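Each remark here refers to the structure printed beneath this line.
Chain letters run A, B, ... following the sequence lines, proteins first and then strands; every chain starts at 1. Predicted model only: the values in this text are computed from it and were never measured.
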Amino acid sequence: MSHHTIHLFRKGLRLHDHPTLLAALRSSRRLYPVYILDLQFISSAMRMGPLRWHFLLQSLEDLHRSLCRLGSCLLVIQGPYEAVLRERVRRWGITQVTLDAEVEPFYREMEANIRCLGQELGFEVLSLVGHSLYDTKRVLDLNGGEPPLTYKRFLHILSLLGDPELPVPSITAEDFQSCQPPGPGLAERFRVPLPADLEMPPESLSPWRGGETEGLQRLEQHLTDQGWVTTFTKPRTAPNSLLPSTTGLSPYFSLGCLSVRTFFHRLAKIYAQAKHHSLPPVSLQGQLLWREFFYTVASATPNFSSMAGNPLCLQISWAQDAERLHRWRTVFEELLLDADYSINAGNWLWLSASAFCHRYRRILCPVRFGRRTDPEGHYIRKYLPILKNFGSKHIYEPWTASEEEQKQAGCIIGRDYPFPMVNHEEVSDHNLQLMQQVREEQHRTAQLTRDDTEDSVELSVRPEHSEDLPRAKVARVAE
DNA sequence: TCGGAGTTGATTGT
DNA sequence: ACAATCAACTCCGA
């Protein structure tokens with residue numbers, strides 16, 4: 001075939017195991033590898049902090065260099081994606097746009113818009129799944145159209161599908177030979193921007209350098225230690241150890257600098273050579289399957305990343321506190337290097353007992369958790385050096401140290417370091433009650449619907465506004 | 001319909 | 001430091 005094709009990179013910033021790019025090359029005589037840097041789209045759909053911006057730019061630069069080595073290049077075009085695409089399709093006489101299929105609503109909407117544009121301008125659109133182990137639709141189909149909501153059930157469905165497909169061969173210079181690259185003028189005009197071009201600090205502070213090259217190196221490094229790979233057990237890893245106790249590959253998977261199928265099958269090979277190996281959910285393969293689990297559920301759940309309109313999520317009337325939200329935002333969300341729509345939302349749903357995990361009385365206390373897993377507080381001493389002179393007794397609760405002790409540690413709480421945002425005891429107790437109320441409410445409505453269907457009259461005499469009653473009363477009424 | 005199980009708890013007692 | 005106990009909700013499979 002002889003398409004003039006734009007391959008539109010969104011995730012999938014790699015040349016190994018890239019089915020869509022391979023299909024693009026094989027069906028085209030001219031290929032434009034394009035990344036559209038749509039600042040409006042990126043800032044509204046994804047919440048990118050500087051750390052991730054650096055990672056993205058490094059990944060694009062790495063992709064550009066790899067494409068150059070194969071006789072092509074990456075064109076990074078800034079502007080609103082629809083306008084950019086419209087113009088390029090016209091100028092380059094494009095007959096096909098290829099892109100990886102993704103599960104996020106904002107990426108799906110983008111694909112739908114591109115398909116509309118294709119109808120209008122007369123180009124074909126090809127999208128293949130490259131970012132997950134399976135096509136999530138197949139899992140949904142086998143589960144009766146619904147996403148499996150427990151890991152066990154999910155594994156069962158996967159067992160019906162068999163192993164994920166093998167990775168496709170890496171792209172080589174040969175693949176590009178029958179395909180004309182963009183002219184040198186274009187490469188010059190649409191260079192990968194520098195951080196300064198986007199008004200960012202020039203240097204990244206992160207030791208995780210973005211890009212397929214670095215990702216593959218890290219992957220290989222981990223796979224050399226066969227013992228570590230085969231005995232890996234997630235609950236035995238330490239979230240606050242100074243040396244990472246997990247692979248640290250998640251940022252590379254989140255942008256598709258690494259292929260999960262490649263990792264999966266490399267692990268399978270190592271498992272096959274070993275006498276014993278750990279198993280899902282705690283094994284390394286099990287971690288990839290957790291990712292897959294959350295991708296699958298997210299792909300079939302509206303508003304997966306919020307509470308409102310999310311059918312899986314317990315609906316709680318949380319206190320609205322803009323100030324606290326702002327503080328939480330600035331310390332947590334934008335700093336995630338491996339932020340991923342499905343996994344991040346899935347884990348918050350889990351950890352908050354809003355979905356998946358229903359034992360909501362198990363509440364993690366940040367102080368106790370820290371003391372148990374890192375009694376000396378090495379992690380805090382390294383990353384919050386302002387606190388490093390407190391003794392182990394106070395390192396997790398420096399506000400309980402006496403004035404004298406604070407002076408001695410050279411850190412006055414309230415001046416050099418903030419007071420706690422909340423009183424954990426109070427707040428967790430309050431939230432527990434909120435959740436209990438919601439659940440009681442749910443039980444009652446479920447009961448009512450059941451009674452209705454059974455045409456039972458006597459049981460339908462229940463207070464209509466019982467949510468206003470104190471909890472004890474509600475409980476009694478519900479009996 | 002019922003019992004068992006759920007990737008990473010807290011508390012109390014030894 | 002470690003083990004037993006607590007307390008407890010939903011989903012799934014038998």
ask   = Expressed as a whole number of Å, how far does the P atom of dG6(B) sit from that of dA7(C)?
value = 22 Å

query = Can you say whether the rings of Tyr341(A) and Phe106(A) are parallel (under 30°), tilted (30 to 60°) or perpendicular (over 60°)?
reply = perpendicular

Bracket notation of DNA chain B in which parentheses pair within the strand, [ ] cross earlier pairs, and | pairs with another strand (Watson-Crick or G-U, under 3.5 Å) = ||||||..||||||

key: Contact interval (first through last nucleotide) of DNA chain B with protein chain A, 4.0 Å heavy-atom   = dG6(B) to dT11(B)

request  = Please state the P separation for the pair dT7(B) and dA4(C) - nearest whole angstrom.
outcome  = 23 Å

Crowding at CD, Gln273(A) (>12 non-hydrogen neighbours, <6.0 Å) = yes

inquiry  = Work out how far the C1' atom of dC12(C) is from that of dT8(B), and round it to whole angstrom.
reply    = 22 Å

key: Those residues that, when tested against Arg65(A), pass salt bridge (Lys or Arg N to Asp or Glu O under 4.0 Å) (two or more places apart)   = Glu61(A)

task = Please check if atom CZ in Arg138(A) has more than 12 non-hydrogen atoms from other residues, nucleotides or ligands closer than 6.0 Å.
result = no

query = Base, sugar-phosphate, or nothing: which does Cys365(A) touch, judged by heavy atoms less than 4.0 Å apart?
reply = sugar-phosphate

inquiry  = Ring-plane angle category for Phe154(A) and Tyr151(A), please: parallel below 30°, perpendicular beyond 60°, tilted otherwise.
reply    = tilted

remark   = The salt bridge (Lys or Arg N to Asp or Glu O under 4.0 Å) partners of Glu426(A) (sequence neighbours excluded) come to none

request  = Take the angle between the ring planes of Tyr379(A) and Tyr383(A) and call it parallel below 30°, perpendicular above 60°, tilted in between.
outcome  = tilted

note = With sequence neighbours left out, the residues meeting side-chain contact (heavy atoms from CB on, under 4.5 Å) with Arg115(A) are Glu111(A), Val125(A), Ser127(A)

task = Let me have a per-nucleotide readout for nucleotides 7-14 of chain C, 5' to 3', with B, S or -, counting only protein heavy atoms under 4.0 Å.
result = -SBSSSS-

ask   = Just one of Glu220(A), Gln221(A), Glu214(A) clears the side-chain hydrogen bond (donor to acceptor under 3.5 Å, both in side chains) bar with Arg218(A), so which one?
value = Glu214(A)

message = Would Phe294(A) and Asp340(A) count as a side chain to side chain contact (heavy atoms under 4.5 Å, CB included) here? Give the steps.
response = CA-CA 10 Å; Phe294(A) 288 127; Asp340(A) 182 299; over 6 Å; no

